[in-house]
> 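The structure's right below; bear with me while I get my questions together.
To find a chain, count down the sequence lines: A is the first, B the second, and so on, and within it residues start at 1. Predicted, not measured: the structure shown is a model, and the values here were computed from it.
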Protein chains: 2
Amino acid sequence: MEERQALSAFAALSQETRLRIVRLLVQAGPAGMPAGAVAEAAGVSASNVSFHLKELTQAGLASAKREARSIVYTADYDALSGLIQFLMRDCCAGHPDICMPATASACTSDSKELSRA
Amino acid sequence: MEERQALSAFAALSQETRLRIVRLLVQAGPAGMPAGAVAEAAGVSASNVSFHLKELTQAGLASAKREARSIVYTADYDALSGLIQFLMRDCCAGHPDICMPATASACTSDSKELSRA
DNA sequence: TCGATATTTTTAGGATTATTGAAATATGGA
DNA sequence: TCCATATTTCAATAATCCTAAAAATATCGA
């Protein structure tokens, strides 16, 4: 992931509603969620969720596909994964020990940590 | 790391100069860097670097300590590590496969990846 | 203490961003 | 085709953020 993309991704994730939406989309999995369902789950208006979904899409963190009447949004796993790698690579450059606590817990097979709501 | 902190951290990292400063501080290691040196290395004015260092400090990503005439800034390793964990835990919740590519490369001992400028 | 240096705070502006409701668009079924 | 549904676009306002310049503050050496 390039710096430009990372900057966009960070900006996208720095907004409460968008962060919530990303979580919802990730939890929805590859099947994704229609915009209306996202709006309801996030507790915001339809036009507002549309605005934030567009922002997430432009930042490369989500993608849209039409399915019948609904437009279904999906989290871009590669982008999220790439952002994590960016943090590890570019920000911890020369000091891998910074990332060790994170990778250590992630690399263990203790998946309880991952299921925290 | 709580959501509030993560939102602040994302906002702090979504600005080009601040992202550059974080890189500089990380590379500087535990010894840190005085504000003036950061300004010079980042190629920005003293007042501008002061502003951004304050933002980073308030976001918990850096800390300041006075050393003689200079105020030396240090990257907060725990915060960076915590942010990576936050992404893995809260954003990849229920879908650890998202993080796998990231953790896989991070967990290998191939440190060439980490030294990219 | 005084002056020089380093850093911070303040201030003000201009530029983005968030939010809402109304209007417009696109889809599928009767 | 026409209607109902789902979503987006538009317009306006409020809020927030970024930046640069000037003023204020803190430290050290003479």
> Give the rounded distance in Å between these two atoms: CD of A:Glu16 and C1' of D:dA15.
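Roughly 15 Å, once rounded to whole Å.
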
> Using whole Å, what does the distance between atom P of nucleotide C:dA18 and atom CG of A:Leu56 come to?
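Checked: the CG to P distance equals 10 Å.
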
> Both A:Thr17 and B:Gly36 contact DNA chain C. Taking the nearest nucleotide for each, which residue is further toward the 5' end?
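The residue closer to the strand's 5' end, by nearest nucleotide, is B:Gly36.
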
> Nearest whole angstrom, please: distance from the P of D:dT25 to the CD1 of B:Ile71.
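It works out to 15 Å between those atoms.
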
> Compare the minimum distances between each of D:dC18, D:dT9, C:dT20 and the side chain of A:Lys54, then state the nucleotide with the smallest one.
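Closest of the options to the side chain of A:Lys54: D:dT9.
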
> What is the separation between atom CE on B:Met33 and atom P on C:dA6, rounded to the nearest whole Å?
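Answer to the nearest Å: 15 Å.
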
> Just N and O in the side chain of B:Ser70: are any of them under 4.0 Å from OP1 or OP2 of C:dT7?
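Checking C:dT7 against B:Ser70, a side-chain N or O does come within under 4.0 Å of OP1 or OP2.
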
> Pick base, sugar-phosphate or nothing for B:Ala35, based on heavy-atom distances below 4.0 Å to the nucleic acid.
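The residue B:Ala35 makes sugar-phosphate contact but no base contact.
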
> Expressed as a whole number of angstroms, how long is the span from B:Phe10:CZ to D:dC17:P?
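That distance rounds to 16 Å.
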
> Whole angstroms only, please: what is the CG-P distance between B:Leu53 and D:dC18?
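So the two atoms are 14 Å apart, to the nearest Å.
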
> How long is the gap from OG on A:Ser50 to NE2 on A:His52, to the nearest 0.5 Å?
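Between A:Ser50 OG and A:His52 NE2, I get 10.0 Å after rounding to 0.5 Å.
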
> When the nearest nucleotide of DNA chain C is assigned to B:Phe51 and to A:Arg66 on a heavy-atom basis, which residue is associated with the more 5' position?
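The answer here is B:Phe51.
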
> May I have the distance from B:Asn48 (atom CG) to D:dC18 (atom C1'), rounded to whole angstrom?
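Nearest whole value for this atom pair: 9 Å.
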
> Under 4.0 Å between a side-chain N/O of A:Gln15 and OP1 or OP2 of C:dT19, yes or no?
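Affirmative; the distance criterion is met.
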
> OP1 or OP2 of C:dA6 versus the side-chain N and O atoms of B:Tyr73: is any pair under 4.0 Å?
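For C:dA6, OP1/OP2 do not have a side-chain N/O of B:Tyr73 under 4.0 Å.
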
> So, does B:Glu67 use its side chain to make a donor-acceptor pair with the main chain of B:Ser70 at under 3.5 Å?
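Between the backbone of B:Ser70 and the side chain of B:Glu67 there is no qualifying donor-acceptor contact (under 3.5 Å).
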
> Can you see if the side chain of A:His52 gets near the phosphate of C:dT19 - specifically, an N or O under 4.0 Å from OP1 or OP2?
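Answer yes for this pair, as a side-chain N or O of A:His52 is under 4.0 Å from OP1 or OP2.
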
> Let's go through B:Leu7 and B:Glu3 carefully: what are the C-alpha distance in whole Å and the side-chain angles of both, what is the deciding distance for side chain to side chain contact (heavy atoms under 4.5 Å, CB included) to 0.1 Å, and is it a yes or a no?
CA-CA 6 Å; B:Leu7 284 169; B:Glu3 172 170 323; 4.0 Å; yes

> Backbone N or O of A:Ile71 within a donor-acceptor pair of the A:Arg66 side chain at under 3.5 Å?
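Flag not set: sc A:Arg66 to bb A:Ile71 has no pair under 3.5 Å.
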
> Nearest 0.5 Å, please: how far is CG in B:Leu83 from CG in B:Asp76?
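Nearest 0.5 Å value for the CG-CG distance: 11.0 Å.
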
> Please give, in whole Å, the distance from D:dT5 P to A:Glu40 CD?
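A:Glu40 atom CD is separated from D:dT5 atom P by 15 Å.
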
> Heavy atoms from C-beta onward define the side chain here; which of C:dT9, C:dA22, D:dT7 lies closest to that of A:Ser47?
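Out of C:dT9, C:dA22, D:dT7, the nucleotide with an atom closest to A:Ser47's side chain is C:dA22.
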
> May I ask you to evaluate whether B:Arg18 reaches the phosphate of D:dC18, defined as a side-chain N or O under 4.0 Å from OP1 or OP2?
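Checking B:Arg18 against D:dC18: at least one side-chain N or O falls below 4.0 Å of OP1 or OP2.
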
> Out of D:dC18, D:dT8, C:dG28, which nucleotide sits closest to the side chain of A:Arg69?
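Of D:dC18, D:dT8, C:dG28, C:dG28 is nearest to the side chain of A:Arg69.
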
> Identify whether any heavy atom of B:Ala11 sits under 4.0 Å from a base atom; if not, whether one sits that close to sugar-phosphate; answer base, sugar-phosphate or nothing.
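Touches nothing.
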
